[in-house]
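Any value given below was found using the heavy atoms of this structure, including those in side chains, with hydrogens, waters and symmetry copies removed. Source: prediction; values computed, not measured. Counting starts at 1 for both ligands and their atoms, in listed order.
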Amino acid sequence: MGSEKNLKAVEEVRKLISIQSVTGNEKELAFYLEERFCSLGCRTDMFEAAPGRFNITAFFGGVESAKPGLLFHGHLDTVPAFKMQNPFIPEEIDGDIHGRGSVDQKGGIAAVIAAFEAVINSGATLEKPVAFIGVIDEESEHRGSMALKKMGIDADYAVVTEPTGLKLGIGCKGTAPIRIQVDGKAAHGCRPWLGINAIQIAMDIVRDILSEDLTECEIENIGTVKASWNLGKIEGGSAYNNVADSCSLWFDRRLVPGETQDQVKEQVSRIINNYRTESVQVTAEIARPDWNWEPIRERGLLPALTKSSSRIVDYMKKSHLKVENQGPLVFFTDGYQEMDFLVNDLGIESIQYGPGDSSLCHTVNEKLSISDLSRCTEVYMDLILSVCG
Ligand SMILES: [Zn+2]
């Protein structure tokens, strides 16, 4: 039965890749998944999380109105094809499936479908429902997961199905994208004393920000994790022989558990206040080039952590051990994950666990290991039976 189930997961991920779902264009995939889960006998629902863009939920087992014991979370959207060759024609080469979305993260969704199907076909009765939610817009403004609260989503535990190479993620950093704008006064470069050089002021601000102490957080069984600043982009000046009257700094500030976006904003305000004068304007705001939607700028993307003593961590360790004959590596990621919304908005103890190598996400060489996909399907199946059976 193992191999038949694995074949289903491979077939499934091929189908998912072939339905293009670049951010903003998730509709066709949402409708396909709704039909697919229906055909398995699941109860399904759609929710319009942004105009014409739908989250999809599927449930089976237990009593219909009961709170699910376990919720799988996956995102429907992918980044654009960029320079990828044949991004939407899945191709199998040397044990990998190539295609846009293969690893990020249609593999995780395919494993969920195949695991659901295997559990249903096994005839096992589930005491509690198991659920899947597919969300839109993970790669941009997170409108899909922002809607989870409004949708009334709840569960005892959740698994984010993003790729981890079958390692067990218990938490993630948050991210605060910050733009600092400095406005000075233009002048000819031969008489710089007549102007106010915005680039030079911006450089002082950068130095002050980068010399601040970084928040640290001690995570049980993992160690110390540290906040970080990255100055990703600078825009400013008009010509080498002009005094620059404007400079923008784009920072990516990563937050550790316990930190909030407001604390970071206060820290930045304190620094830039030292540079404000009657003739120098300095402003800071939460901003990202692809963010136009106010609610996400207000809420921010927060760090999340599930205690390593949580039962879901224990369940996952056991299911992984059964399939792999050894326990999983447990980690905390420097990256950001939507487990933020599950943990911080819904209060669900959540972990991250999925097939594939996350370093291939968004690359032109995006591919998914078939072996990972098969083993992940087995682990999910065992987890469903352990948590909900
Ligand atoms: Zn992803």
Need the atom name: nearest N/O/S atom of Glu162 to the Zn ion (ligand 1).
OE1

My understanding is that only residues two or more places apart in sequence, or in another chain, count here; which of them pass side chain to side chain donor-acceptor pair (under 3.5 Å) with Ser358?
none

Does His75 put an N, O or S atom under 2.8 Å from the Zn ion (ligand 1)?
yes

N, O or S atom of Asp104 closer to the Zn ion (ligand 1) than 2.8 Å
yes

Is the shortest side-chain N to carboxylate O distance from Lys173 to Glu259 below 4.0 Å?
no

Write out all pairs satisfying salt bridge (charged side-chain N to carboxylate O under 4.0 Å, His left out) with one or both partners inside residues 59-77, taking only residues at least two apart or from two chains.
Lys67-Asp154, Lys67-Asp156

Is it true that Glu34 and Arg36 have a side-chain N and a carboxylate O under 4.0 angstrom from each other?
no

